[in-house]
Amino acid sequence: MSTVRVRFAPSPTGFFHIGSARTALFNWLYARHTGGTFVLRIEDTDAARNSEAFLAVIYDSMKWLGLTWDEGPGAGGDYGPYRQSERAAVYREYLEKLKAAGRTYEKDGATWFRLEGERYEVYDEHRQKTVTKVKTAPIVIDDAIRGRVERIEDEDFVIVRSDGNPVFHFVNVVDDIAMEITHVIRGEDHLSNSSKHVALFQAFGVKPPQFAHIPLILKQNGPGKMSKRDQGALIEEYQTRGYLPEAVVNYISLLGWNPGGDLEKMPIDDIVAKFDLPGVNQSNARFDDKKMAHMNMLYLLALPPERFIAAARVYFTKHEVFAKAGVTSDPPAAYVDEVLLLSQPKIKGLEELPAYTSYFWTETYPTDEKARAKALGKGDPQARLAELGEWVQSADLATDAGIEAGLKALAESKGLGFGDYQAVARLAVTGLGAGPSITAIFRVLGRERVAARLGRLAASLG
RNA sequence: GUCCCCAUCGUCUAGCCCGGUCAGGACGCCUCCCUUUCACGGAGAGAACCGGGGUUCGAAUCCCCGUGGGGACGCCA
């Protein structure tokens with residue numbers, strides 16, 4: 001029996017972006033769905049462009065997303081080492097096989113892979129030079145998503161650089177053989193590489209793995225595929241912005257794949273259960289940050305209170321929210337928790353939190369001028385402020401229900417409605433036009449601060 | 001330029017394989033409802049089968065050609 005072995009093989013030459021994450025995710029999902037093995041292999045054969053910092057980002061982002069690997073750096077496994085820079089011996093061994101089979105030759109100091117067939121010269125317009133081509137039989141790529149793809153591979157290519165380092169095409173195939181990879185799930189941009197790779201598999205006398213070329217993710221604005229330089233492309237960025245990893249995973253799983261029903265938000269176990277290669281689309285998908293944000297909100301809303309608080313606290317620490325609000329020592333934990341809980345059902349993302357809660361931390365919170373104009377623009381705000389100021393001196397602020405009853409009684413006594421007090425009260429105590437229920441704000445802030453703020457606004461109008 | 005992949009609302013997509021439903025859902029946008037502001041939620045509107053041929057009683061669905069989009073064409077991966 002052959003159990004599934006898939007690999008994600010990033011190259012640490014740049015940050016980990018949405019496209020990489022989606023490829024990693026699809027491999028991971030397929031491994032989990034089939035009960036197979038997910039291998040992480042680092043393709044660091046380009047010494048000049050690799051960096052340990054990028055490598056750290058890959059590990060960190062994958063862990064954050066929950067894409068744990070069964071074999072690879074830090075996880076061990078029977079097919080290691082899992083960094084190509086440490087596998088020189090393996091490549092030498094396989095290179096000998098190719099040499100013995102007469103499939104290599106030296107040119108310009110490099111080792112080339114020799115295709116079989118009659119050679120001829122032709123002028124290449126794109127490269128603007130004469131190149132040697134080979135009359136070869138078409139190569140068939142058996143693709144789980146696209147079916148049978150036929151391509152002509154008609155030029156020899158370098159497999160070992162003149163500096164002695166083996167090239168991607170070579171090490172990729174060697175390692176897929178050596179690590180007994182059964183399914184190669186990678187982006188469609190590799191489709192034209194796959195004919196080279198199949199030629200190599202054949203030269204080694206090995207049956208190629210099952211390919212699955214997944215559609216690419218296109219950038220949101222403008223033409224072309226998403227690259228690490230595009231806005232919102234980096235996984236790190238979502239981590240920093242306080243996105244929930246499960247939301248990011250759920251959203252990107254929907255890029256190029258769909259679960260079959262109308263349900264889009266689903267726990268990872270359901271995605272694993274439903275995911276399969278034939279269900280992957282053939283056409284490219286455009287990234288949409290609005291839908292991503294919406295998915296994140298759905299997850300945020302559904303979070304148990306203690307998990308929301310934990311996530312928000314991480315965000316606060318990372319962004320030094322209290323320090324930036326001018327608070328010298330952190331407010332009491334219970335108070336912070338209460339404020340966060342008030343905010344959870346109202347915000348769409350954690351990044352809204354600092355602005356949404358600033359007035360809870362300091363007396364120097366900013367004022368939204370539009371909200372100010374609106375709240376002061378109708379009725380008699382000065383009178384309302386005065387009435388509220390008097391009311392708050394003796395009102396029962398213990399519970400939301402009590403405060404609501406008190407405010408309603410006050411309004412009724414003046415022949416007015418709750419709404420006539422709400423806007424001006426909110427402006428006075430928060431500086432904003434939107435936020436949690438005003439009754440909850442009064443309760444959490446407490447009599448002294450509410451009274452002071454009401455008084456301050458009243459004074460500024462006088 | 002050559003080769004490869006793809007083509008349903010603005011976007012992600014269901015339907016296509018096994019031709020026959022008002023072409024369904026989601027995001028966004030707009031309207032209304034809920035309401036203490038905002039957000040959530042509820043209801044609704046608007047919005048698509050790229051074009052042309054063919055096959056067929058009948059085509060989003062099968063075939064061909066265009067067009068459009070994407071990718072590849074490195075001693076990068």
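Owing to the predicted nature of the structure, the values given are computational and were not obtained by experimental measurement. A, B, ... follow the sequence lines: proteins, then strands. Residue 1 opens every chain.
- Partner of A:His197 under the ring-ring contact (aromatic ring centres under 6.0 Å, His included) criterion, out of A:Phe204, A:Phe157, A:Phe168: A:Phe168 alone.
- Comparing atom distances between the A:Lys408 side chain and each of B:rU36, B:rA77, B:rG71 picks out B:rU36 as nearest.
- Nearest heavy-atom pair, A:Leu40 versus A:Pro73, reported as atom, atom and distance to 0.1 Å: O-CD, 3.4 Å.
- If you take atom P in B:rA43 and the same atom in B:rA26, they sit 9 Å apart, rounded to whole Å.
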Which atom pairs link the protein and nucleotides 25-28 of chain B when you take only N or O atoms and keep those under 3.5 Å?
{"unit_1": "B:rG25", "atom_1": "N2", "unit_2": "A:Glu264", "atom_2": "OE2", "d": "3.1"}
{"unit_1": "B:rA26", "atom_1": "O2'", "unit_2": "A:Glu264", "atom_2": "OE1", "d": "2.8"}
{"unit_1": "B:rA26", "atom_1": "O2'", "unit_2": "A:Lys291", "atom_2": "NZ", "d": "3.3"}
{"unit_1": "B:rA26", "atom_1": "N3", "unit_2": "A:Lys291", "atom_2": "NZ", "d": "3.0"}
{"unit_1": "B:rC27", "atom_1": "OP1", "unit_2": "A:His294", "atom_2": "NE2", "d": "3.3"}
{"unit_1": "B:rC27", "atom_1": "O2'", "unit_2": "A:Lys291", "atom_2": "N", "d": "3.4"}

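- Comparing the C1' positions of B:rC38 and B:rU8 gives an interatomic distance of 37 Å, to the nearest angstrom.
- The A:Asp46 side chain lies nearest to B:rA77 when the options are B:rU37, B:rC5, B:rA77.
- B:rU11 sits 13 Å from B:rG69 when the P atoms are compared, rounded to a whole Å.
- The side chain to side chain donor-acceptor pair (under 3.5 Å) check on A:Arg92 picks up nothing, with sequence neighbours excluded.
- For B:rC50 and B:rA23, the P atoms lie 15 Å apart once the distance is rounded to whole Å.
- Put simply, A:Asn258 has a side-chain N or O that comes within less than 4.0 Å of OP1 or OP2 on B:rA14.
- For B:rG51, the paired base is B:rC65 (Watson-Crick or G-U wobble, both distances below 3.5 Å).
- Dashed line: the shortest gap from a side-chain N or O of A:Asn281 to OP1 or OP2 of B:rA14 is under 4.0 Å.
- Proximity of A:Arg127 to the phosphate of B:rG74: a side-chain N or O atom is located under 4.0 Å from OP1 or OP2.
- The nearest whole Å value for the distance from the NE2 atom in A:His126 to the C1' atom in B:rA72 is 9 Å.
- Using the Watson-Crick or G-U wobble rule with both distances under 3.5 Å, B:rC17 pairs with nothing in any strand shown.
- Between the CD atom of A:Gln282 and the C1' atom of B:rC4 there is a distance of 13 Å, rounded to whole Å.
- The backbone N or O of A:Ala273 lies less than 3.5 Å from a partner atom in the side chain of A:His33, making a donor-acceptor pair.
- Residue contacts for A:Pro436: at a heavy-atom cut-off of 4.0 Å it reaches a base atom on one of the strands shown.
- Looking at heavy-atom distances under 4.0 Å, A:Gly256 makes contact with sugar-phosphate atoms alone, never a base.
- A 3.5 Å limit on both hydrogen-bonding distances identifies no Watson-Crick or G-U partner for B:rA45.
- Distance check on atom P: B:rG10 versus B:rG54 gives 28 Å, rounded to whole Å.
- Residues A:Tyr91 and A:Val160 are not in side-chain contact: their nearest non-hydrogen atoms beyond the backbone lie 4.5 Å or more apart.
- Evaluation of atom-type donor-acceptor distances gives no pair under 3.5 Å for the side chain of A:Ser437 against the base of B:rU37.
- Contacts of A:Ser283 with the nucleic acid, taken as non-hydrogen atoms under 4.0 Å apart, involve only primed sugar atoms and P, OP1 or OP2.
- Close to B:rU37, at under 4.0 Å from its OP1 or OP2, lies no side-chain N or O of A:Gln422.
- Comparing B:rC6, B:rC75, B:rC12 against the side chain of A:Arg286 picks out B:rC12 as the nearest.
- Contact annotation: A:Thr45 reaches the phosphate of B:rA77 (side-chain N/O to OP1 or OP2, under 4.0 Å).
- Nucleotides B:rG15 and B:rA7 place their C1' atoms 15 Å apart, quoted to the nearest Å.
- Summarising the base pairing, B:rC3 is matched to B:rG71 through a Watson-Crick or G-U wobble pair whose two defining distances lie under 3.5 Å.
- In the set B:rG1, B:rU36, B:rC4, the nucleotide with an atom closest to the side chain of A:Arg151 is B:rC4.
- Counting any heavy atom pair closer than 4.0 Å across all strands shown, A:His169 reaches a base atom.
- Computed from coordinates, the A:Leu407 CG to B:rU37 P distance equals 14 Å when rounded to whole Å.
- Put simply, the side chain of A:Glu352 does not reach to within 4.5 Å of the side chain of A:Lys346, judged on heavy atoms.
- Nearest nucleotide to the A:Arg146 side chain, out of B:rC6, B:rG41, B:rU13: B:rC6.
- For the pair A:Lys346 NZ and B:rG41 P, the computed distance is 13 Å after rounding to whole Å.
- Atom CG of A:Leu254 sits about 11.0 Å away from atom CZ of A:Arg22, to the nearest 0.5 Å.
- At the heavy-atom level, A:Ala110 lies under 4.0 Å from base atoms of the strands shown.
- In this view, A:Asp288 satisfies the side chain to side chain donor-acceptor pair (under 3.5 Å) rule with no residue, not counting sequence neighbours.
- A donor-acceptor pair under 3.5 Å is formed between the side chain of A:Asn27 and the backbone N or O of A:Ile185.
- In this structure, A:Met297 reaches the sugar-phosphate backbone alone: every heavy-atom distance under 4.0 Å involves primed, P, OP1 or OP2 atoms, never a base.
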